[in-house]
Amino acid sequence: MRIDILTLFPDMCEAVLGDSIIGRARVSGAVEIHCHNIRDYTTDKHGRVDDAPYGGGMGMIMSVQPIYDCYRALFDDCSEKPHVIYMSPKGKTFDQKKAIELSGREHIVLLCGHYEGIDQRVLDEIVDEEISIGDYVLTGGEMAAVVVTDAVCRMLPGVLSDEICFTEESHFSGLLEYPQYTRPAEWHGKKVPDVLLSGHHKNIEKWRREQALLTTIEKRPEMLKNAELTKADKKFLESIEYSE
Ligand code: ADE
């Protein structure tokens with residue numbers, strides 16, 4: 001998969017995406033990520049990339065020309081139109097389902113805004129969807145682009161060491177993850193649940209699933225409506241007399 005980030009602050013994105021698991025995935029070739037500086041494409045002799053809003057008002061608006069030329073330059077090394085996403089608090093809220101969907105695409109472009117926004121005409125011309133990472137306003141789209149890139153990349157083959165890492169984790173099957181423990185078996189008087197020390201894999205699996213259900217009920221009960229529940233899950237919920 002290839003991800004291109006169009007931004008005025010490529011170093012901000014590189015600082016995060018050049019390190020740790022995603023940094024290693026780039027080196028191994030599991031994913032190709034490029035951060036482009038929109039300013040490199042401006043034709044303004046003073047290097048400007050923004051201007052005052054028509055109709056008046058506060059702040060500056062990012063101009064069409066450098067963004068469009070930065071986007072068009074991608075076509076020098078790819079023939080198909082990539083899926084273009086504008087990082088914006090007006091977008092649909094990002095979630096694990098969207099991360100899985102985007103990880104199935106060949107090529108996405110994440111466009112980061114700054115200042116008071118981007119001239120609507122270039123958005124209308126190149127953007128396929130808008131994504132928000134939550135109901136709050138950031139100073140720019142970079143941190144949102146990094147969040148989306150991280151969540152998408154970790155779903156790609158060869159990025160995490162073992163597929164089990166994400167098939168059992170929070171949100172994957174619509175439930176939150178069960179609690180995890182490691183050595184020592186007792187700490188500050190708190191013991192690791194006996195079943196985890198039993199070596200009985202079937203019982204461990206059952207306990208973990210039930211704990212995932214209980215954790216979800218406690219922390220995010222609204223998630224249960226859309227979770228993929230098995231017959232055993234429903235039986236367990238009945239046994240604890242759970243009702244929405
Ligand atoms: N840009 C500014 N705020 C944002 C948000 N919440 N999500 C995505 N992009 C943004």
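Start at 1 and go down the list; that is how both ligands and their atoms are numbered. The basis for the numbers below is simple: all heavy atoms, side chains too, and nothing from hydrogens, waters or symmetry mates. One-based numbering along the sequence shown.
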Protein N/O near ligand 1 N/O, under 3.5 Å, which pairs?
{"unit_1": "ligand 1", "atom_1": "3 (N)", "unit_2": "Leu138", "atom_2": "N", "d": "3.0"}
{"unit_1": "ligand 1", "atom_1": "6 (N)", "unit_2": "Gly134", "atom_2": "O", "d": "3.2"}
{"unit_1": "ligand 1", "atom_1": "6 (N)", "unit_2": "Tyr136", "atom_2": "O", "d": "2.8"}
{"unit_1": "ligand 1", "atom_1": "7 (N)", "unit_2": "Ile133", "atom_2": "N", "d": "3.0"}
{"unit_1": "ligand 1", "atom_1": "9 (N)", "unit_2": "Ser88", "atom_2": "N", "d": "3.2"}

(Q) Is there a salt bridge (Lys or Arg N to Asp or Glu O under 4.0 Å) between Glu210 and Arg208? Walk through the geometry before answering. (A) CA-CA 5 Å; Glu210 291 173 359; Arg208 284 181 164 165; over 6 Å; no

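Using cut-offs of 30° and 60° for the angle between ring planes, the Phe75 and Tyr71 rings count as perpendicular.
By the 6.0 Å contact criterion, CD on Glu228 is open, its count of non-hydrogen atoms from other residues, nucleotides or ligands being 12 or less.
Using a 4.0 Å cut-off between charged side-chain N and carboxylate O, Arg24 and Asp19 make no salt bridge. A salt bridge links Arg121 and Asp119; the closest N-O separation between the charged side-chain nitrogens and carboxylate oxygens is under 4.0 Å. Salt-bridge check for Lys235 with Asp233: failed, with every basic side-chain N at 4.0 Å or more from each acidic carboxylate O.
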